**Student:** 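This structure is in structure tokens; I'll ask about it shortly.
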Amino acid sequence: MNNREVIIQGEGILNLIPQRPPIVMVDSFFGIEENHSHSGLTVTADNIFCETGKQQEGSEQPETGKLQEAGIIEHIAQSAAARIGFLYTRQGEKVPLGFIGSVDKLKIYDFPKIGMKLFTEITVVQEVFDITLISAQVKVEDKLIAECRMKIFIKKNETENESTGCSFD
């Protein structure tokens, strides 16, 4: 997906993910092709995962703030959540909650500065029951800044138990 045409952005993202401000770490969704999905985030100064710039000795201007490791990881997790949310909303179903089970092979090559636009590709490696193994690549322009594998557990909606006719009273 090279065209990077946004299909959902702004407030529409809130329909795909369970997070709410100030924790929202995805601001655009570009869609799904086969087992790949694409999302984005513009790093802003008010992002709670940004380290504010520090005044350099002998300089009048502070250094530009940067998105920290926890913010990059949360962005990856929410990018995976946006994929699931997109699939569920397309089927008219409620978006489920997901939980990070593990983060493996995390490599951060650079911390994006305020104003930079992240473009993230999530690739589904394997899905077994309620567990999804993904690999992620985060880029700024065409430069890879982070990658990892993540295991995500999906909590299915409670309404699924209602269809079995079972009562848990």
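Below, all heavy atoms of this structure are taken into account, side chains as well, without hydrogens, waters or symmetry copies. In this text the structure is predicted, and so the values were computed from the model without any measurement.
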**Student:** Which residue pairs satisfy the ring pair (Phe, Tyr, Trp, His ring centres under 6.0 Å) criterion with at least one member in residues 65-86, sequence neighbours excluded?
**Tutor:**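 Ring pair (Phe, Tyr, Trp, His ring centres under 6.0 Å) check on residues 65-86 returns F29-F86.
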**Student:** Could you note down all residue pairs passing salt bridge (Lys or Arg N to Asp or Glu O under 4.0 Å) where residues 78-90 supplies at least one of them, sequence neighbours left out?
**Tutor:**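 Found R83-E127.
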**Student:** What pairs with V125 under side-chain contact (heavy atoms from CB on, under 4.5 Å), at least two apart in sequence or on another chain?
**Tutor:**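 side-chain contact (heavy atoms from CB on, under 4.5 Å) list for V125, sorted by chain: L133, S135, R149.
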**Student:** Not counting sequence neighbours, which residues clear side-chain contact (heavy atoms from CB on, under 4.5 Å) with I48? List them please.
**Tutor:**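 With sequence neighbours excluded, I48 shows a side-chain contact (heavy atoms from CB on, under 4.5 Å) to P22, I23, given in chain and number order.
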**Student:** Mind listing the closest non-hydrogen atom pair of I8 and V6 along with its distance?
**Tutor:**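 Nearest pair, atom of I8 first, then V6: O-CG1, 3.3 Å.
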**Student:** Determine whether L106 and E69 make a side-chain contact, defined as any pair of heavy atoms from C-beta on separated by less than 4.5 Å.
**Tutor:**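 SC-SC contact between L106 and E69 confirmed.
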**Student:** Could you give me the CA-CA distance, side-chain angles and deciding distance for V26 and L41, then say whether side-chain contact (heavy atoms from CB on, under 4.5 Å) is met?
**Tutor:** CA-CA 5 Å; V26 174; L41 174 71; 5.8 Å; no
**Student:** Less than 4.5 Å apart, side chain to side chain, heavy atoms only: is that true for I72 and F111?
**Tutor:**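 Yes, side chains in contact.
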**Student:** Taking only residues two or more places apart in sequence, or in another chain, which ones meet Q91 in a side-chain contact (heavy atoms from CB on, under 4.5 Å)?
**Tutor:**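 Scan of Q91 (side-chain contact (heavy atoms from CB on, under 4.5 Å), adjacent residues dropped) gives E93.
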**Student:** What pairs meet the salt bridge (Lys or Arg N to Asp or Glu O under 4.0 Å) rule with one or both residues in residues 132-146, with sequence neighbours excluded?
**Tutor:**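 Residue pairs passing salt bridge (Lys or Arg N to Asp or Glu O under 4.0 Å), neighbours aside: R4-D142, D110-K143.
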**Student:** Compare all side-chain heavy atoms of P96 with those of K155 and state whether any distance is below 4.5 angstrom.
**Tutor:**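 Side-chain contact under 4.5 Å: no.
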**Student:** Looking only at heavy atoms, what is the nearest atom pair of S79 and S37, with distance?
**Tutor:**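 Minimum heavy-atom contact is O-OG, 4.4 Å.
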**Student:** Roughly how far, to the nearest 0.5 Å, is the NZ atom of K151 from the CD1 atom of I134?
**Tutor:**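 Output value for this atom pair is 12.0 Å.
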**Student:** Only pairs at least two apart or in different chains count here, so list each side chain to side chain donor-acceptor pair (under 3.5 Å) that has a residue in residues 7-28.
**Tutor:**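 Every candidate side chain to side chain donor-acceptor pair (under 3.5 Å) pair involving residues 7-28 fails, so no pair, neighbours aside, qualifies.
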**Student:** Measure the CE-CG distance between M150 and D104 for me, rounded to the nearest 0.5 Å.
**Tutor:**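 Rounded to the nearest 0.5 Å, the CE-CG separation comes to 9.5 Å.
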**Student:** If you look at every heavy atom in G98 and I152, which pair is closest and at what distance?
**Tutor:**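 Closest approach of G98 to I152: CA-CG2, 4.4 Å.
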**Student:** Do L67 and V43 have side-chain heavy atoms sitting under 4.5 Å apart?
**Tutor:**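 They are in contact (side-chain heavy atoms under 4.5 Å apart), so the answer is yes.
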**Student:** Hey, does the side chain of E51 reach the backbone of F49 with a donor-acceptor pair shorter than 3.5 angstrom?
**Tutor:**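 Here the side-chain-to-backbone pair does not exist.
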**Student:** Specify the closest pair of heavy atoms between I17 and A82, including all atoms of both residues, with the distance to one decimal.
**Tutor:**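 I17 and A82 have their closest heavy atoms at CG2-N, 3.7 Å.
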**Student:** Using the salt bridge (Lys or Arg N to Asp or Glu O under 4.0 Å) criterion, which residues pair with K117? Sequence neighbours excluded.
**Tutor:**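 K117 satisfies salt bridge (Lys or Arg N to Asp or Glu O under 4.0 Å) with no residue once adjacent residues are dropped.
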**Student:** Please tell me if the side chains of L87 and I32 come closer than 4.5 Å, counting only heavy atoms from C-beta onward.
**Tutor:**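 Yes, at least one pair of side-chain atoms sits under 4.5 Å.
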**Student:** Are the side chains of I73 and C148 in contact, using a 4.5 Å heavy-atom criterion?
**Tutor:**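 They are not in contact (no side-chain heavy atoms under 4.5 Å apart), so the answer is no.
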**Student:** For T44, give me all partners under side chain to side chain donor-acceptor pair (under 3.5 Å), at least two apart in sequence or on another chain.
**Tutor:**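 Partners of T44 by the side chain to side chain donor-acceptor pair (under 3.5 Å) criterion, ordered by chain and then number, come out as D46.
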**Student:** Can you tell if the side chain of T120 reaches within under 4.5 Å of the side chain of Q137, non-hydrogen atoms only?
**Tutor:**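 T120 vs Q137: side chains apart.
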**Student:** Hey, does L16 have a side-chain heavy atom less than 4.5 Å from the side chain of T89?
**Tutor:**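 Heavy-atom side-chain distance check passes, below 4.5 Å.
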**Student:** Calculate, to the nearest 0.5 Å, the distance between atoms CZ and CD1 belonging to F99 and I154 respectively.
**Tutor:**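 Taking CZ in F99 and CD1 in I154, the distance rounds to 9.0 Å.
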**Student:** Considering all heavy atoms of both residues, which atom of I76 and which atom of I122 are nearest to each other, and what is their separation?
**Tutor:**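 So the minimum-distance heavy-atom pair works out to O-CD1, 3.9 Å.
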**Student:** Any chain of hydrophobic side-chain contacts (each under 4.5 Å) joining F153 to I84?
**Tutor:**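 Looking at the clustering, I84 is in a separate group from F153.
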**Student:** So, using side chain to side chain donor-acceptor pair (under 3.5 Å) as the criterion, who are the partners of E121 when residues are at least two apart?
**Tutor:**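 Applying side chain to side chain donor-acceptor pair (under 3.5 Å) to E121 gives H36, H38.
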**Student:** If you take all heavy atoms of K66 and Q68, which pair is closest and at what distance?
**Tutor:**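 Taking K66 first and Q68 second, the nearest heavy atoms are O-NE2, 3.1 Å.
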**Student:** Can you name the side-chain contact (heavy atoms from CB on, under 4.5 Å) partners of Y109, sequence neighbours left out?
**Tutor:**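 Scan of Y109 (side-chain contact (heavy atoms from CB on, under 4.5 Å), adjacent residues dropped) gives K107, L144, E147.
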